[in-house]
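Read through the structure below, which is laid out as C-alpha cells, and then see the notes.
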Amino acid sequence: MDRRIRVLIAKPGLDGHDRGAKVVARALRDAGMEVIYTGLRQTPEMIVSAAIQEDVDAIGLSILSGAHMHYFREVKRLLGEQGASDILLFGGGIIPDEDVPKLKELGVAAVFGPGTSTQEIVDFLKRAVPERWQAQGLA
Amino acid sequence: MRKKHDWLRETYQKSLEKMPERPVAHRTLSDIAPEPLYTPEDIGVLDPEYEEKQGYPGEYPYTRGVYGSMYRSKLWTMRMFAGFGTAEQTNERFKKLLKAGQTGLSVAFDLPTLMGYDSDHPLSKGEVGKCGVAVSSLADMEVLFDGINLEEVTTSMTINSPANAIWAMYLAVAKKKGYDWKKLGGTIQNDILKEFIAQKEFIFPPEPSVKLVIDTFEWGPKNVPKWNFISVSGYHIREAGSTAVQELAWTLADGFEYVEAALKRGLDIDEFAPRISFFFDVHNDFFEEIAKFRAARRIWAKEMRHRYGAKNPQSWALRTHAQTAGVSLTAQQPLNNIARVAIQALAAVLGGTNSLHTDAYDEALALPTEESATIALRTQQIIAYESGVTHTIDPLAGSYYVEWLTDEMERQAMAIIQEIRRMGGVVRAIEEGYFLRELAEASYRYQQEVERKERIIVGVNAFTDEIPLKVPIQLVDPEVERVQAERLARVRRERDPKRVEEALAGLRRAAAEGQNTMPHFVECALAYCTLGEMMDVLREVYGTYQEPAYV
C-alpha cells in the first residue's frame with residue numbers, strides 16, 4: 001500500500017486571516033493526504049512540537065502579516081535543534097518576491113504566493129515528499 | 001401617493017438648507033442638466049410599489065440613499081486606510097494624504113495592538129508595525145495625531161477587541177490638547193461579533209466581548225455624541241470567503257444582535273441607534289454590489305422600525321463606509337488591480353456609500369507605497385469629479401435588473417437572518433460553529449470554480465504573462481521594534497506609578513462588578529497605562545477565547 005503524505009498546516013503569529021490556510025488544507029485532504037491544521041496563533045515552538053509529535057512529512061506555514069522572515073527562520077531553527085530537519089518546510093501568503101530567495105536560502109522548499117492553484121501545491125508535495133523518502137531510504 | 005415635487009419641496013430643500021449643492025456644474029458634457037432625482041413619474045409609468053420599496057432619498061426605507069441630497073451636496077468621505085511602522089511614520093503619511101485631498105483619516109493598527117499586546121511583549125516579536133501602526137500607550141497616540149486638528153478631521157480606527165482602550169487614548173489626546181469631545185467626529189470599528197465569525201482578532205469570549213461593546217453604546221451618546229461607536233462590518237466576512245448575500249445577512253444579523261444586547265441593558269434605542277454605522281466590502285460583481293447596498297438600507301430600516309420599534313428616523317438610516325475588495329486583487333499583473341478597484345469603487349458610489357476606501361494596486365504584495373495609495377485616492381476623485389455619476393441621486397434606480405436583484409438579495413438575506421434567529425442569535429451560532437462551516441464551504445467552492453476556470457481572473461487563470469511585471473513595494477523598517485520598545489520604557493519610567501495602579505484597579509473593579517468600563521479606560525489612558533496592562537486586567541477577569549480548529 002502507498003504511504004500517505006502527512007502535512008501540518010499552521011498559522012503562526014497573531015494574524016487571524018485563515019481563509020488560505022483552510023482552503024489549502026482542504027485541497028490537500030481531497031488529494032488524499034493526511035492533514036493536521038493547528039488552528040490560529042501558534043508559536044514556532046508549538047508548531048515544531050506538533051509536527052514532531054504527529055510525525056509529519058511537511059509543514060506549511062500561512063503568513064500574511066509581513067512577519068514571514070521571523071517565523072520561517074524560527075521554525076527552521078527549532079527543527080534543526082530538535083533533529084527534525086528532514087521535515088519539508090513550505091509556505092505561502094503575502095510574501096514579496098524579494099524575500100523568496102532569502103527564504104529559500106533558509107531552507108524553505110517552496111513559497112506559494114496569492115493566486116496559486118491548490119493543484120500546484122498538491123503536485124509539489126507529491127513530488128517533493130517521495131523524493132525525500134527515497135533520499136532517506138524510506139521509500 | 002407621495003409625489004416627487006413634494007419630496008423636492010420638503011426633504012430635498014431641507015437637506016440643502018443644511019448643506020447646499022456643491023458649486024460644480026451638475027450638467028453632462030453636452031450641457032444637459034439632470035435633475036437631482038428621477039422616479040417613475042419622469043418616464044410616465046405607474047409603479048404602485050415604488051414608495052414602499054424604493055421611496056425617496058433621505059426617507060424611509062432609504063433604499064435610494066440616507067441623505068436628502070446625497071452627492072449633489074456632499075460627496076462621500078474619501079477615507080484611506082493607512083498605518084505602518086511607528087507613530088511618526090504614520091503621522092507623516094496622514095499629513096500627506098490630507099494634503100492630497102483626502103477628507104478623513106483611517107488608522108490601521110498592527111497585529112500586537114489589535115490583539116492587545118504591547119510592542120515589547122514576546123508574542124509581538126516580528127509583528128510590530130508590520131501591517132499597521134503600533135500603539136501601546138497614550139504616548140504613541142500623541143505622536144500619531146501630532147499637528148492634526150481633531151475637531152476638523154474625522155478619524156476612523158479599525159480596532160475591535162481593545163476598542164474601548166484605543167478610543168480612550170484618542171479621547172485623552174483630544175482632552176490634553178483642549179478639544180471639545182462634543183465636537184469630535186469619527187468611528188471606532190468595535191465590532192467584535194465579526195471577529196468571531198471571520199477576522200479572528202478576538203481576545204475574550206463572546207459574551208464579555210459584547211458587554212464591552214455595549215459599554216460604548218451606553219457611554220458614547222452622552223459623552224461624545226457625534227462619534228460612531230461601532231462600525232458593524234461585513235468587510236472581513238467577505239474577505240474571509242463569504243458570498244455577497246452572506247455578507248449582507250450576517251452583517252445585519254450582527255447589527256441586530258448589538259441592538260438586542262443594548263435593549264437588554266435598558267438603553268433607549270433612539271439614543272444609541274443613530275450612532276451605529278456599517279462597513280461593507282465591494283467586490284467585482286458590479287450590479288450585485290450595488291444591489292447589496294440598496295438592500296442593506298431597506299432591511300435595516302424595516303427591521304429597526306417595525307421589529308425593534310425605533311421612532312427616530314435616524315435610527316432607521318443605515319450609514320455605511322465601503323472598501324474595495326482586497327481579496328479580489330491579484331499579485332499577478334498588479335497594475336490590473338487599478339481597473340478592478342475603479343469598477344468596485346464605482347459600484348460603491350452607485351450603491352450610495354457614505355464613505356469609501358479604495359485599495360492600492362500593490363496590496364496583494366505588501367502595504368501600499370505612497371504612490372500606489374495616491375493612485376487609489378485619485379481613482380475616487382476621478383469618479384467623483386469626472387464621471388458625472390454624481391449629477392443625480394441613485395441613478396440606477398428603476399433598472400429592471402437592479403431593482404429585481406435588490407429584492408432578491410433582500411429575500412435571500414432575510415432567510416439567512418431568520419435562520420440565525422432560529423438558532424438563538426449570532427452568539428449561539430458562533431458557539432455552534434455555523435459561520436466557520438459556512439465560510440469554509442463558500443471559500444472552497446469559489447476556489448474550485450476558479451481552478452476549473454468557471455470563473456475567469458485576468459492575469460491569474462487566463463490572459464497570463466510569461467514574464468511577471470515588477471512593481472516597487474513598501475518595506476517596513478526593522479528599526480520599528482526598537483523605537484517602540486524605547487518609547488515604552490520611557491513611558492513606564494516617567495509616569496506616576498500610583499496613578500497607574502489606581503486606574504488599573506478601577507478598571508478591574510468595573511469589569512468584575514459589571515459596571516461600565518469606559519470612564520475607567522479613559523482614566524487608564526490619561527495615566528499612561530499601556531494597552532497590554534489594560535487588556536491583561538480584562539484577561540484576568542474575563543478569560544481568553546480559543547477557537548476550535550476547524551477545516
Side-chain angles (χ1 to χ4, degrees), chain A residues 7-30 35-46 50 63-74 92-100 111-122, chain B residues 84 110-115 117 122-132 195 198-202 236 239-241 327 329-333 362-367 436 439-441 443-444 446-448 450-451 457 459-461 464 468 470 473-476 478 546-551:
Chain A
V7 187
L8 183 83
I9 297 291
K11 277 290 296 174
L14 302 176
D15 172 41
H17 291 89
D18 55 2
R19 185 177 60 100
K22 288 184 164 184
V23 166
V24 168
R26 204 156 146 181
L28 299 182
R29 189 175 292 166
D30 283 359
V35 181
I36 300 116
Y37 173 56
T38 60
L40 294 172
R41 286 188 254 294
Q42 302 292 299
T43 61
E45 288 80 6
M46 290 156 88
I63 307 169
L64 293 85
S65 68
H68 45 271
M69 291 309 301
H70 170 72
Y71 287 118
F72 277 108
R73 192 179 293 123
E74 280 299 292
I94 308 275
I95 294 169
D97 287 348
E98 283 79 346
D99 289 345
V100 173
V111 179
F112 299 102
T116 305
S117 76
T118 54
Q119 191 57 45
E120 210 177 305
I121 304 171
V122 168
Chain B
F84 62 96
D110 70 358
L111 280 162
T113 308
L114 293 173
M115 290 300 296
Y117 295 115
L123 288 175
S124 304
K125 200 157 173 41
E127 312 255 27
V128 179
K130 283 283 161 54
C131 50
E195 295 294 336
Q199 166 115 329
K200 317 289 176 71
E201 309 300 350
F202 39 69
H236 316 87
E239 294 284 303
V327 74
L329 303 183
T330 63
Q332 294 78 5
Q333 304 179 9
D362 51 1
E363 285 185 41
L365 302 165
L367 288 188
L436 293 188
L439 270 181
E441 283 305 318
S443 51
Y444 194 57
Y446 179 79
Q447 178 66 26
Q448 287 182 316
V450 170
E451 293 193 16
I457 301 179
V460 175
N461 66 0
T464 51
K470 301 280 274 181
I473 61 165
Q474 162 99 24
L475 295 172
V476 173
Q546 280 288 344
E547 182 186 82
Y550 174 86
V551 176

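Each chain gets a letter, A, B and so on, in the order the sequences are listed, and its residues count up from 1. When reading the values below, keep in mind they use all heavy atoms of this one structure, side chains included, and skip hydrogens, waters and symmetry mates.
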Next item on the list: Apply side chain to side chain contact (heavy atoms under 4.5 Å, CB included) to the pair A/Arg41 and B/Met115, showing each step before the final yes or no.
Entry: CA-CA 11 Å; A/Arg41 286 188 254 294; B/Met115 290 300 296; 3.4 Å; yes
Next item on the list: Go through B/Glu127 and A/His70 one step at a time and tell me if the side chain to side chain contact (heavy atoms under 4.5 Å, CB included) criterion holds.
Entry: CA-CA 9 Å; B/Glu127 312 255 27; A/His70 170 72; over 6 Å; no
Note to self: Before you tell me yes or no, could you show the steps for B/Glu547 and A/Asp18 under side chain to side chain contact (heavy atoms under 4.5 Å, CB included), namely the whole-Å CA-CA distance, both residues' side-chain angles and the distance that decides it to 0.1 Å?
What the structure shows: CA-CA 12 Å; B/Glu547 182 186 82; A/Asp18 55 2; 4.1 Å; yes
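In this structure, CD1 on A/Ile63 lies 10.5 Å from NZ on B/Lys130, to the nearest 0.5 angstrom. Interatomic distance, B/Leu123 CG to A/Leu14 CG, rounded to the nearest 0.5 Å: 6.0 Å. Separation of atoms NE2 (B/His236) and NE2 (A/His17) is listed at 6.5 Å; rounding is to 0.5 Å. In this structure, the separation between CG on A/Asp15 and SG on B/Cys131 is 6.5 Å, given to the nearest 0.5 Å.
A pairwise comparison of heavy atoms in B/Gln447 and A/Ser117 identifies NE2-CA, 4.2 Å as the closest pair.
Test A/Lys22, A/Arg26, A/Arg19 against B/Ser443 for side-chain contact (heavy atoms from CB on, under 4.5 Å) and you get one pass: A/Arg19.
Side chain of B/Glu201 to backbone of A/Gly16: a donor-acceptor contact under 3.5 angstrom is found. The backbone N or O of A/Leu40 lies less than 3.5 Å from no partner atom in the side chain of B/Gln546, so there is not a single donor-acceptor pair. Between the B/Glu451 side chain and the A/Thr118 main chain, a donor and an acceptor come within less than 3.5 Å of each other.
Shown here are the ring-ring contact (aromatic ring centres under 6.0 Å, His included) partners of B/Tyr117, two or more places apart in sequence or in another chain: B/His121.
With a 4.5 angstrom heavy-atom cutoff, B/Glu195 does not touch chain A via any of its atoms. For A/Ala27, the parts lying under 4.5 angstrom from a heavy atom of chain B are both the backbone and the side chain.
Note on B/Ala440, B/Pro122, B/Ala366, B/Ala364: by heavy-atom pairs under 4.5 Å with chain A, the leading option is B/Ala364. No other option in A/Ala67, A/Gly39, A/Gly93 has as many heavy-atom pairs under 4.5 Å with chain B as A/Ala67. The residue among A/Ser65, A/Gly115, A/Gly66 with the most heavy atom pairs within less than 4.5 Å of chain B is A/Ser65.
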